[in-house]
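Worksheet: one structure, shown below.
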Amino acid sequence: MGYELRVVRESPLAFAELAKAIAPAGFGLRGSDEIVAGHGGGAHAVARWQGHLVGEPGSDWQVAQLLRLSAVLGARLVGEDGEVYAVRDGVIEVLSNGSVMEIGKFDEIIEAGPAAWTP
């Protein structure tokens, strides 16, 4: 199991509401619990439903898609260690322990696609 990012909402969301909310934003469902986003003619996993949304990103693209999904749902994207992911002035940032780390430009990351991180 990788590092998890959670889509956190103030008010819980039922699965039926989730399915209805994500479709207009271009997200889809695969199976009974997987949220996917398209790129390059394929559907790529972004998150899974476990009574709430959880993602285990393997690329900056997946982080960007989780941020997009969070925005669609009026939620925040939070890491296991309490860090908060956000987009400010078009740049993806991670806020942790009072410091900010930039990941990259949101639009460029989305365009680049889901290439996996390499060790």
Side-chain angles (χ1 to χ4, degrees):
M1 176 180 269
Y3 191 81
E4 290 186 345
L5 300 180
R6 298 176 313 279
V7 176
V8 178
R9 277 180 44 109
E10 295 300 319
S11 58
L13 188 66
F15 185 75
E17 294 173 292
L18 168 75
K20 186 177 178 179
I22 64 172
F27 291 100
L29 295 171
R30 182 165 50 199
S32 62
D33 67 346
E34 193 171 45
I35 310 302
V36 296
H39 188 274
H44 304 274
V46 173
R48 68 184 180 286
W49 177 257
Q50 300 177 331
H52 58 281
L53 286 171
V54 176
E56 291 181 30
S59 70
D60 288 344
W61 182 86
Q62 287 173 312
V63 172
Q65 292 294 348
L66 282 164
L67 279 165
R68 212 168 63 80
L69 183 58
S70 296
V72 165
L73 299 173
R76 296 178 302 128
L77 185 61
V78 180
E80 286 180 11
D81 298 325
E83 70 279 14
V84 177
Y85 293 72
V87 177
R88 186 172 58 180
D89 298 328
V91 175
I92 297 174
E93 299 179 335
V94 182
L95 298 92
S96 178
N97 297 324
S99 63
V100 176
M101 180 184 80
E102 292 184 354
I103 292 178
K105 293 182 180 180
F106 181 85
D107 291 340
E108 290 175 3
I109 291 170
I110 291 290
E111 186 177 311
W117 291 317
T118 55

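These values consider heavy atoms only, across backbone and side chains, with no hydrogens, waters or symmetry-generated copies.
Using a 4.5 Å cut-off between side-chain heavy atoms of Ile, Leu, Val, Met, Phe, Trp and Tyr, with links allowed through other members, Leu69 and Val87 fall into the same hydrophobic cluster. Linking Ile, Leu, Val, Met, Phe, Trp and Tyr whenever their side-chain heavy atoms come within less than 4.5 Å leaves Phe106 and Val78 in two separate clusters. Met101 and Val91 fall into different hydrophobic clusters, where Ile, Leu, Val, Met, Phe, Trp and Tyr are joined by side-chain heavy atoms under 4.5 Å apart, directly or via other members.
For Asp81, the side chain to side chain contact (heavy atoms under 4.5 Å, CB included) criterion is met by Tyr3, Glu83, not counting sequence neighbours. Residues passing the side-chain hydrogen bond (donor to acceptor under 3.5 Å, both in side chains) test with Glu93, sequence neighbours excluded: Arg88. For Arg68, the side-chain hydrogen bond (donor to acceptor under 3.5 Å, both in side chains) criterion is met by Gln65, not counting sequence neighbours.
Every pair passing side-chain hydrogen bond (donor to acceptor under 3.5 Å, both in side chains) that includes a residue from residues 5-16 is listed here, sequence neighbours excluded: Arg9-Ser11.
Counting heavy atoms from C-beta on, the side chains of Ile92 and Asp60 never come closer than 4.5 Å. Residues Gln62 and Glu56 have side chains not in contact (no heavy-atom distance under 4.5 Å, counting atoms from C-beta outward). A heavy-atom distance below 4.5 Å is found between the side chains of Leu77 and Val7.
Using a 4.5 Å cut-off between side-chain heavy atoms of Ile, Leu, Val, Met, Phe, Trp and Tyr, Leu95 falls into a hydrophobic cluster with Val100.
Under a 3.5 Å cut-off, the side chain of Glu80 and the backbone N or O of Glu4 do form a donor-acceptor pair.
Contact detail for Ser59 and Ala115: the closest heavy-atom pair is CB-O, 3.0 Å. Between Leu13 and Trp49 the shortest heavy-atom distance is O-CH2, 2.9 Å.
With rounding to the nearest 0.5 Å, the separation of CG in Leu67 from CD1 in Ile109 is 9.0 Å. With values rounded to the nearest 0.5 angstrom, Leu53 atom CG is found 8.5 Å from Leu66 atom CG.
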Distance-only check: which donor-acceptor pairs under 3.5 Å involve side-chain atoms of residues 16-44, not counting sequence neighbours?
from: Glu17; atom 1: OE1; to: Ala14; atom 2: N; distance (Å): 2.9
from: Arg30; atom 1: NE; to: Glu34; atom 2: OE1; distance (Å): 2.7
from: Arg30; atom 1: NH1; to: Ala43; atom 2: O; distance (Å): 3.3
from: Arg30; atom 1: NH2; to: Glu34; atom 2: OE1; distance (Å): 3.3
from: His39; atom 1: NE2; to: Glu111; atom 2: O; distance (Å): 3.2
from: His44; atom 1: NE2; to: His39; atom 2: O; distance (Å): 3.1

